[in-house]
Number of protein chains: 2
Amino acid sequence: MKADLFGKVLQEMRKERHLSQEKLAELCELDRTYISLLERGLRQPTLATLFKLAAALEINPSELVVRVEQKSD
Amino acid sequence: MKADLFGKVLQEMRKERHLSQEKLAELCELDRTYISLLERGLRQPTLATLFKLAAALEINPSELVVRVEQKSD
DNA sequence: GTGTGACTTAAAGTCCGTC
DNA sequence: CGACGGACTTTAAGTCACA
């Protein structure tokens with residue numbers, strides 16, 4: 001599992017929903033720049049952060065993980 | 001999402017496979033005491049750790065998360 | 001609207017051990 | 001075999017000024 005896979009998935013999901021990093025950050029109550037760090041693969045989320053992000057994206061946390069798995073192939 | 005849900009799922013999955021904490025730790029190259037901390041809900045895994053654990057349990061990472069989601073209900 | 005570096009604090013994760 | 005503790009190192013969490 002490459003370190004930046006999650007970030008790419010996150011960015012894709014965010015853009016599919018036409019959200020800015022700023023707006024997403026607001027929705028999940030995280031810092032804008034932290035979203036940026038995640039998308040660039042400079043941070044790996046904890047499970048708790050994954051759940052927050054999934055909630056903001058209105059998706060099941062497991063669905064987010066599925067997308068990461070698919071990218072692993 | 002309660003803090004100890006993941007730990008319970010992890011312990012269930014481990015026991016289903018008749019693995020000791022020590023053996024699981026060896027399989028995923030994590031510390032023996034850390035598995036214990038996870039199962040007791042005193043630590044939350046990062047995404048990378050989730051993938052390691054899932055690999056050792058021979059399950060998809062997303063399946064692990066699904067189990068956590070189910071417990072949330 | 002985002003990238004980036006620097007930073008502090010909290011938590012992840014290790015290693016030693018005892019019971 | 002697992003709970004638990006202490007001391008430790010590494011990394012995530014969370015924020016900031018600035019480009």
Side-chain angles (χ1 to χ4, degrees), chain A residues 1-65 67-69 71-72, chain B residues 1-65 67-69 71-72:
Chain A
M1 183 209 169
K2 286 186 186 167
D4 60 344
L5 282 180
F6 175 77
K8 287 183 174 153
V9 169
L10 176 60
Q11 186 169 64
E12 282 172 11
M13 303 288 296
R14 176 176 64 79
K15 289 189 172 173
E16 281 176 15
R17 284 155 182 73
H18 306 291
L19 295 171
S20 65
Q21 289 183 349
E22 264 180 335
K23 185 63 182 170
L24 175 60
E26 181 188 318
L27 288 174
C28 51
E29 295 180 299
L30 293 171
D31 196 85
R32 167 186 78 76
T33 62
Y34 180 54
I35 303 292
S36 173
L37 289 168
L38 286 172
E39 288 192 359
R40 283 178 289 145
L42 299 179
R43 289 289 189 288
Q44 290 295 310
T46 59
L47 198 58
T49 302
L50 181 79
F51 271 67
K52 278 191 193 175
L53 289 165
L57 292 169
E58 295 180 312
I59 192 177
N60 285 332
S62 56
E63 270 298 319
L64 257 178
V65 177
R67 296 234 184 174
V68 176
E69 289 166 7
K71 283 224 180 292
S72 302
Chain B
M1 182 208 168
K2 286 186 184 166
D4 60 342
L5 282 180
F6 176 77
K8 286 182 174 154
V9 169
L10 176 61
Q11 186 171 63
E12 283 173 11
M13 304 288 296
R14 176 177 64 79
K15 288 189 172 173
E16 281 176 16
R17 283 155 183 74
H18 306 290
L19 294 171
S20 66
Q21 291 182 348
E22 262 180 336
K23 185 60 183 172
L24 176 59
E26 181 188 319
L27 288 173
C28 52
E29 297 181 296
L30 291 170
D31 196 82
R32 157 182 78 79
T33 63
Y34 179 55
I35 303 292
S36 174
L37 289 168
L38 284 174
E39 289 192 359
R40 284 178 287 144
L42 300 179
R43 290 289 189 284
Q44 292 294 312
T46 58
L47 195 61
T49 302
L50 180 81
F51 271 68
K52 279 191 191 176
L53 289 165
L57 292 168
E58 296 180 312
I59 193 178
N60 285 333
S62 55
E63 270 298 321
L64 259 177
V65 178
R67 297 231 184 178
V68 175
E69 289 166 5
K71 280 222 183 293
S72 303

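Given the structure is predicted, the values throughout are model-derived calculations rather than measurements. Keep in mind that the numbers below use all heavy atoms, side chains included, and drop hydrogens, waters and symmetry copies. Sequence lines set the chain letters: A, B, ... in the order given, protein chains first and strands last, and positions in each chain run from 1.
Remark: A:R17 does not engage A:E58 in a salt bridge, criterion side-chain N to carboxylate O under 4.0 Å.
A heavy-atom distance below 4.0 Å to DNA chain C is reached by none of the residues of residues 11-27 of chain B.
In this entry the distance linking CD of B:E39 with P of C:dG13 reads 15 Å, nearest Å. Following rounding to the nearest Å, B:R43 (CZ) and D:dT9 (P) show an atom-to-atom distance of 16 Å. Nucleotide C:dG13 holds its P atom 8 Å from the NZ atom of B:K52, rounded to whole Å. Separating the CG atom of B:L38 from the P atom of C:dG13 is a distance of 7 Å, rounded to the nearest angstrom. Between A:R40 atom CZ and D:dA12 atom P there is a gap of 14 Å when expressed in whole angstrom units. If you take CD of B:Q44 and C1' of D:dT11, they are 16 Å apart, rounded to a whole angstrom. Between A:L37 atom CG and D:dG14 atom C1' the separation is 10 Å, expressed in whole Å. If you take CG of A:L47 and C1' of C:dA11, they are 14 Å apart, rounded to a whole angstrom.
Backbone-only engagement by B:E29 is indicated by non-hydrogen atom pairs under 4.0 Å involving sugar-phosphate atoms exclusively. The residue A:I35 sits apart from the nucleic acid: no heavy atom pair falls under 4.0 Å.
Atom CD of A:E29 sits in a sparse spot, with 12 or fewer heavy atoms from other residues, nucleotides or ligands closer than 6.0 Å.
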Open item on the list: What verdict does the side chain to side chain contact (heavy atoms under 4.5 Å, CB included) test give for A:M13 and A:E63, after you've listed the backbone C-alpha separation in whole Å, the side-chain angles of each residue and the deciding distance to 0.1 Å?
Closed with: CA-CA 11 Å; A:M13 303 288 296; A:E63 270 298 319; over 6 Å; no
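Counting only N and O atoms by type, the side chains of B:N60 and B:S62 include no donor and acceptor under 3.5 Å apart. One side chain, A:T46 or A:T49, offers a donor N or O that lies under 3.5 Å from an acceptor on the other.
Rounded to the nearest 0.5 Å, atoms NZ (B:K23) and CZ (B:R14) are 13.5 Å apart. Within the model, atoms CD1 of A:I59 and CG of A:L64 stand 5.0 Å from one another, a figure rounded to the nearest 0.5 Å. Taking CG of A:L53 as the start and CZ of A:F6 as the end, the distance is 5.0 Å to the nearest 0.5 Å. Atom-to-atom distance recorded for A:E22:CD and A:T33:OG1 is 11.0 Å, nearest 0.5 angstrom.
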Check the interface with nucleotides 16-19 of chain C: list each N/O to N/O pair with the protein under 3.5 Å, or write none.
unit_1: C:dG17; atom_1: O6; unit_2: B:R32; atom_2: NH1; d: 3.4
unit_1: C:dG17; atom_1: O6; unit_2: B:R32; atom_2: NH2; d: 3.0

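Relative to the side chain of A:S36, the nucleotides C:dA12, C:dG3, D:dC4 differ in distance, and C:dG3 lies closest.
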